[in-house]
Amino acid sequence: MQTVSPGAAPELLRVAGVEKSFGGVRASAGVSFVLRKGELLALIGPNGAGKSTLFNMINGQLRPDAGTITLDGRDITGLPPREIWRLGVGRTFQVAQPFVSMTAVENVQTALLSRDRRLFDVFSRAGSHRRDEALALLEQVHLAEQADRPCAAMAYGDVKRLELAVALAHRPRLLLMDEPTAGMAPGERGALMALTRDLVRRLGTTVLFTEHSMDVVFAHADRIIVLARGQVIANGPPQAIRDDPKVAEVYLGSWASAAPGRVQ
């Protein structure tokens, strides 16, 4: 399948002048950026930079004090999370949250029930709903052989891949990934993000992700936005971010000079 370069693609998400304060603390101070269809955009910054606040405003958990957020031209500012989800915005979390009493395939089937708006249908059962589709999603994240394994017995790296399958069950246009490799071994981190990159390219999904592993960020992001004290201090391709002296001073520190071969 031929893919369109993210740089030439139309925009999907626009964040314009978004502000949010908690008491006297400005968590977001006029944040603005555009995310284009098919792009993998990394959002990085030191603790307290405002990354989680921004994520929570995009998916509706927080309402901005000012500014607008538009999805494919539609104003979604302040809409409730459920409505934003129905418009095609999915999310994974720093700590994976599967139903541990269910098997891997049942977790995906439950997500499919939710997508079909049948989650609260008392006549529906996860085990009988769209099993073939659920198995296909597990195949995409290389978990087909563990389909009937209880989540409680799965390795953490496999649970994170399951979380990706669950998120993709909703067919999101935009996928927000909050620390997708948190808690994973170094070798697993790169594998998960390489898998994510491959899937979003094939499925036409767009990704905004936060991440503390700079190896992951610089190897897989198309573009990087750096936040500090609620403000965007840099926005550009990985090499430009790595070479930015202000970013090195505020966040990257010794990583950039110690890893000359890590940027791809």
Side-chain angles (χ1 to χ4, degrees), residues 6 11-85 87-95 97 167 172-182 193 196 200 205-214 216-218 220-238 241 244 246-247 250-252:
E11 70 176 57
L12 177 65
L13 180 76
R14 176 175 289 270
V15 176
V18 167
E19 299 183 7
K20 186 67 180 179
S21 296
F22 300 97
V25 178
R26 296 186 74 192
S28 289
V31 173
S32 297
F33 66 90
V34 168
L35 176 58
R36 299 193 175 277
K37 293 180 180 179
E39 190 175 23
L40 273 76
L41 175 60
L43 185 67
I44 67 173
N47 290 333
K51 303 185 297 295
S52 294
T53 298
L54 184 57
F55 257 49
N56 289 335
M57 288 189 289
I58 293 172
N59 87 327
Q61 290 181 304
L62 289 174
R63 186 180 184 90
D65 298 331
T68 59
I69 301 169
T70 56
L71 178 71
D72 216 4
R74 174 171 177 170
D75 189 347
I76 63 169
T77 312
L79 291 181
R82 188 74 177 173
E83 190 168 345
I84 291 175
W85 172 79
L87 291 173
V89 179
R91 183 170 181 176
T92 67
F93 293 86
Q94 182 174 348
V95 178
Q97 301 174 338
R173 291 188 287 167
L174 171 62
L175 181 58
L176 306 176
M177 303 183 75
D178 189 3
E179 299 284 349
T181 71
M193 288 308 296
T196 300
V200 300
T205 305
T206 303
V207 174
L208 174 64
F209 70 100
T210 65
E211 182 58 61
H212 279 298
S213 171
M214 292 300 98
V216 167
V217 169
F218 282 87
H220 298 287
D222 296 312
R223 184 164 51 95
I224 301 169
I225 289 176
V226 187
L227 289 181
R229 297 182 179 178
Q231 296 181 314
V232 175
I233 64 168
N235 181 348
I241 297 299
D244 190 314
K246 186 174 183 181
V247 174
V250 171
Y251 185 54
L252 295 182

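A quick note: this is a predicted structure, and the numbers were derived from the prediction, not measured.
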Report yes if some heavy atom in the side chain of [X] is under 4.5 Å from a heavy atom in the side chain of [Y]; otherwise report no.
X: Leu62; Y: Phe22; answer: yes
X: Trp85; Y: Asn59; answer: no
X: Arg223; Y: Asn235; answer: yes

(request) Please identify each residue that fulfils side chain to side chain contact (heavy atoms under 4.5 Å, CB included) with Ala234, with sequence neighbours left out. (result)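 Only Val226, Ile241, Asp244, Val247 meet the side chain to side chain contact (heavy atoms under 4.5 Å, CB included) criterion with Ala234.
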
(request) Applying side chain to side chain contact (heavy atoms under 4.5 Å, CB included), name anything that partners Arg26, two or more places apart in sequence or on another chain. (result) Glu19, Ser21, Ala29

(message) Apply side chain to side chain contact (heavy atoms under 4.5 Å, CB included) to residues Thr181 and Met193 and explain how you reach the verdict.
(response) CA-CA 8 Å; Thr181 71; Met193 288 308 296; 3.8 Å; yes

Restricting to non-hydrogen atoms, name the atom on [X] and the atom on [Y] that form the minimum distance, rounded to 0.1 Å.
X: Val34; Y: Glu39; value: O-OE1, 4.4 Å
X: Val232; Y: Ser32; value: CG2-O, 4.1 Å
X: Thr77; Y: Gly67; value: CG2-O, 3.7 Å
X: Gly90; Y: Pro172; value: N-CB, 3.8 Å
X: Phe55; Y: Phe209; value: CZ-CA, 4.0 Å
X: Arg173; Y: Leu71; value: NH2-CD2, 3.6 Å

Inter-residue atom distance [X].[atom1] - [Y].[atom2], 0.5 Å rounding:
X: Leu43; Y: Ile58; atom1: CG; atom2: CD1; value: 7.5 Å
X: Thr205; Y: Leu174; atom1: OG1; atom2: CG; value: 9.0 Å
X: Thr206; Y: Leu175; atom1: OG1; atom2: CG; value: 9.5 Å
X: Glu211; Y: Met177; atom1: CD; atom2: CE; value: 9.0 Å

(message) Has Glu179 got a side-chain atom pairing as donor or acceptor with His212's backbone, closer than 3.5 angstrom?
(response) yes

(message) Could you check whether any side-chain N or O of Asp222 sits under 3.5 Å from a backbone N or O of Leu41, counting only pairs where one atom can act as donor and the other as acceptor?
(response) no

(request) Under the salt bridge (charged side-chain N to carboxylate O under 4.0 Å, His left out) rule, collect the residues that match up with Asp75, sequence neighbours excluded. (result)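 In terms of salt bridge (charged side-chain N to carboxylate O under 4.0 Å, His left out), with neighbours along the sequence ignored, Asp75 is linked to no residue.
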
(message) For Asp72 and Lys37: C-alpha separation, side-chain torsions, deciding distance, then whether salt bridge (charged side-chain N to carboxylate O under 4.0 Å, His left out) applies.
(response) CA-CA 9 Å; Asp72 216 4; Lys37 293 180 180 179; 3.3 Å; yes

(request) Using the test side chain to side chain donor-acceptor pair (under 3.5 Å), find all partners of Arg14 that sit at least two apart in sequence or belong to another chain. (result) Glu11

(request) Report the residues that fulfil side chain to side chain donor-acceptor pair (under 3.5 Å) with Ser28, sequence neighbours left out, ordered by chain and then residue number. (result)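 Ser28 satisfies side chain to side chain donor-acceptor pair (under 3.5 Å) with no other residue.
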
(message) So if I apply the side chain to side chain contact (heavy atoms under 4.5 Å, CB included) rule between Leu54 and each of Leu176, Leu208, Ile69, Val15, which one comes out positive?
(response) Val15

(request) Dump the intermediate steps for side chain to side chain contact (heavy atoms under 4.5 Å, CB included) on Ile225 and Ile44, then the final yes or no. (result) CA-CA 6 Å; Ile225 289 176; Ile44 67 173; over 6 Å; no

(message) Listing request: all salt bridge (charged side-chain N to carboxylate O under 4.0 Å, His left out) pairs with a residue in residues 51-65, at least two apart in sequence or in separate chains.
(response)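 Found Lys20-Asp65.
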
(message) side chain to side chain contact (heavy atoms under 4.5 Å, CB included), that's the test. Do Val18 and Thr68 meet it? Break it down for me.
(response) CA-CA 6 Å; Val18 167; Thr68 59; over 6 Å; no

(request) Under the side chain to side chain contact (heavy atoms under 4.5 Å, CB included) rule, what do Val250 and Ile233 come out as? Steps first, then yes or no, please. (result) CA-CA 9 Å; Val250 171; Ile233 64 168; 4.0 Å; yes

(message) Closer than 4.0 angstrom, basic N to acidic O: yes or no for Glu83 and Arg74?
(response)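 A salt bridge links Glu83 with Arg74.
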
(request) Please determine which of Thr92, Thr210, Asn56 meets the side-chain hydrogen bond (donor to acceptor under 3.5 Å, both in side chains) test together with Asp178. (result)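 Passing option: Thr210.
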
